[in-house]
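Note sheet for the following structure.
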Amino acid sequence: MPFVTVGTENSAPIDLYYEDHGSGQPIVLIHGFPFNGATWEKMANPLLAAGYRVITYDRRGFGNSAQPAFGYDYNTFAADLDVLMTELDLRNAILIGHSMGTGEVTRYLGAYGSDRVDRAVLMAPLAPFLLKTADNPEGVDKSLFDGFQKAIIQDRFAYLTQFCDAFFNYSENKGRWVSEEAYRAHWQIGAQASAKGTHDSVDAWQTDFRGDLPNITIPVLIIQGDKDNVLPYPATGQRLQHMLPNCQMITLKGAPHGTPWTHPTEVNQAIMEFIGAPKMARA
C-alpha cells in the first residue's frame with residue numbers, strides 16, 4: 001500500500017494512504033467528511049477511461065491513513081496535500097474536492113499558489129465562511145456546530161446515521177438516487193474514521209476562507225445541489241461563485257449533498273467539459 005509521510009506523533013509516523021492510477025494529466029480527488037478516497041469510485045473510473053492520471057488519498061484520521069490526535073485544521077490539511085503534490089511531483093494538476101475536501105483545495109491554492117495546478121473543481125464547497133459572525137451574517141450559528149460535536153461525543157455512530165441521512169436526503173432519495181446498500185457502505189466507511197478526527201473536523205468546518213479567495217486566479221468550477229442539507233447552498237456555493245474571478249457554477253436541481261454518488265452522470269459530464277476531456281466528449 002503506498003503512503004507518504006507528513007509528520008510524526010511520538011514514535012509513530014503520520015502516513016497518508018493514496019492510490020495513483022493511470023497516466024496523463026494528473027487529477028487529485030479529495031474526499032468529503034467522514035469518508036475516504038473509496039467514495040470517488042463513480043468518478044475515478046470515468047476519469048481513468050478518459051486518459052487521466054487519477055490520484056486519491058485519505059485525509060489524516062480517515063480511511064487507511066494514520067489517525068493522529070492532532071492536525072485536524074486546514075493549515076495542516078493543506079500542508080499534507082502539499083507534501084503529496086511535492087512527493088509525487090505533480091504538475092499541471094487538476095484538484096477536485098468534495099465537501100470537506102474543498103477546504104483543502106481552497107486553502108492549498110491560497111497558501112501555496114497554483115504553480116502545480118491548472119484548474120480546480122469545488123463540489124458542495126465549504127467556502128467562503130460557514131460560521132455566522134458579525135461580519136458574516138449569512139453563516140450558520142455556532143450552536144449548530146457545538147451540537148454536532150456533543151452528538152459525536154455522546155454516540156458517534158448514531159451521529160453518523162443522522163449525517164448519512166442528510167448527506168443523501170435519504171428519506172426522499174432512497175431507491176431512486178441511492179440504495180440502502182450504498183448508504184450502509186458510506187456509514188461503514190465513516191465508522192472506521194478516527195473518533196477524535198471526526199470530532200475535531202467540525203472545528204475545521206468553521207474556517208474563514210475569505211482571505212484565500214483573492215489568491216485563486218485559475219479557472220474554478222463549482223458544482224452543488226440546491227437541496228444540499230449539509231452545506232446550505234445559499235451560504236456556500238451560491239455566495240462563493242461571485243467571489244472568484246474566474247469561476248463558473250453548475251447547480252443540480254433537487255440534488256443532495258452527496259452528488260459524487262447520487263448524480264455521477266451530471267457531475268462527470270460537467271467536469272469533463274470543464275477540463276476538456278476529448279474522449280468523454282466523444283462518448
Side-chain angles (χ1 to χ4, degrees), residues 1-48 52-91 93-108 112 116-117 120-121 123 126 156 160 163-164 167 182 184-202 204 258 260-261:
M1 296 172 69
F3 292 91
V4 294
T5 301
V6 295
T8 58
E9 181 180 29
N10 297 330
S11 61
I14 301 173
D15 291 334
L16 300 187
Y17 171 76
Y18 70 95
E19 295 188 11
D20 185 356
H21 303 294
S23 59
Q25 186 178 12
I27 296 179
V28 182
L29 300 172
I30 309 170
H31 65 84
F33 169 95
F35 306 122
N36 64 30
T39 54
W40 284 113
E41 67 177 77
K42 289 191 176 186
M43 294 179 59
N45 290 331
L47 289 169
L48 281 170
Y52 290 92
R53 177 183 175 187
V54 178
I55 299 107
T56 62
Y57 73 95
D58 297 346
R59 178 183 296 106
R60 66 166 62 205
F62 299 86
N64 291 310
S65 291
Q67 298 190 358
F70 65 92
Y72 299 101
D73 62 90
Y74 274 109
N75 288 336
T76 304
F77 293 147
D80 290 350
L81 174 57
D82 183 59
V83 171
L84 179 77
M85 299 283 285
T86 303
E87 288 288 320
L88 299 184
D89 194 24
L90 302 181
R91 300 181 185 277
I94 299 164
L95 299 181
I96 301 179
H98 175 243
S99 186
M100 191 170 174
T102 64
E104 273 96 337
V105 176
T106 305
R107 180 54 51 88
Y108 175 85
Y112 296 91
R116 293 182 176 271
V117 183
V121 179
M123 300 177 57
L126 270 174
R156 179 167 63 97
L160 281 174
F163 181 84
C164 288
F167 186 85
R184 290 202 307 265
H186 280 76
W187 187 96
Q188 183 62 38
I189 290 171
Q192 294 170 353
S194 157
K196 192 168 194 307
T198 301
H199 174 276
D200 290 0
S201 289
V202 178
W261 188 268

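Remember, it's a predicted structure, so these values are computed and weren't measured experimentally. Keep in mind that the numbers below use all heavy atoms, side chains included, and drop hydrogens, waters and symmetry copies.
Checking side-chain atoms of Lys42 against main-chain N and O of Pro260 turns up no donor-acceptor pair under 3.5 Å. Side-chain N or O atoms of Thr102 include none that pairs as donor or acceptor with a backbone N or O of His98 at under 3.5 Å. Side chain of Ser99 to backbone of Gly101: no donor-acceptor contact under 3.5 angstrom is found. Without hydrogens or angle criteria, His31 side chain to Arg59 main chain gives a donor-acceptor distance under 3.5 Å. Checking side-chain atoms of Thr76 against main-chain N and O of Tyr72 turns up no donor-acceptor pair under 3.5 Å. Without hydrogens or angle criteria, Gln25 side chain to Arg53 main chain gives no donor-acceptor distance under 3.5 Å. Without hydrogens or angle criteria, Ser65 side chain to Gly61 main chain gives no donor-acceptor distance under 3.5 Å.
The existence of a salt bridge linking Arg60 and Asp15 is excluded, since no basic side-chain nitrogen approaches an acidic carboxylate oxygen closer than 4.0 Å.
With a 6.0 Å cutoff to the six-membered ring centre and a 45° limit on the axis angle, Arg107 does not count as a cation-pi contact of Phe77.
The side chain to side chain donor-acceptor pair (under 3.5 Å) check on Glu19 picks up Tyr17, His21, with sequence neighbours excluded.
Between Tyr18 and Leu84, some side-chain heavy-atom pair lies under the 4.5 Å cut-off. Counting heavy atoms from C-beta outward, Trp261 and Thr39 have side chains that stay 4.5 Å or more apart. Annotation: side chain of Ile94 is in contact with side chain of Ile96 (closest heavy-atom distance under 4.5 Å). Inter-residue side-chain proximity for Phe3 and Asp58 is flagged as unmet; no heavy-atom pair is nearer than 4.5 Å.
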Legend entry - Evaluation steps, side-chain contact (heavy atoms from CB on, under 4.5 Å), between Val117 and Tyr112: CA-CA 10 Å; Val117 183; Tyr112 296 91; over 6 Å; no
Inset, instruction - Go through the steps for Leu48 and Asn45 under the test side-chain contact (heavy atoms from CB on, under 4.5 Å), then give the verdict. - result: CA-CA 5 Å; Leu48 281 170; Asn45 290 331; 4.3 Å; yes
Legend entry - Test side-chain contact (heavy atoms from CB on, under 4.5 Å) applied to Phe62 and Ser201, step by step: CA-CA 11 Å; Phe62 299 86; Ser201 289; 3.6 Å; yes
Legend entry - Derivation of the side-chain contact (heavy atoms from CB on, under 4.5 Å) call for Leu47 and Leu29: CA-CA 11 Å; Leu47 289 169; Leu29 300 172; 4.2 Å; yes
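When all heavy atoms of Ala66 and Ile14 are compared, the pair lying nearest together is CB-CA, 3.9 Å. Between His186 and Phe167, the shortest heavy-atom distance links the atoms CD2-CE2, 4.2 Å. The heavy-atom pair separating Thr198 from Ala193 by the smallest distance is OG1-CB, 3.8 Å. Across Arg116 and Met85, no two heavy atoms sit closer than the pair NH1-O, 3.6 Å. Smallest separation of non-hydrogen atoms from Gln192 and Gln67: O-NE2, 3.1 Å. Across all non-hydrogen atoms, the minimal contact from Ile55 to Pro26 is CD1-CB, 4.0 Å.
Atom CG of residue Leu90 and atom CG of residue Asp82 lie 10.5 Å apart, to the nearest 0.5 angstrom. Here the OH-CG distance, from Tyr108 to Asp80, works out to 12.5 Å after rounding to the nearest 0.5 Å. Separation of atoms CG (Leu81) and OG1 (Thr86) is listed at 9.0 Å; rounding is to 0.5 Å.
Between Phe35 and Phe163, the two ring planes are tilted [angle within 30° to 60°].
Sorted by first and then second residue, the salt bridge (Lys or Arg N to Asp or Glu O under 4.0 Å) pairs involving residues 21-34 (not counting sequence neighbours) form an empty list.
Tyr57 pairs in a side chain to side chain contact (heavy atoms under 4.5 Å, CB included) with only one of the listed residues (Asn36, Leu88, Ile30), which is Ile30.
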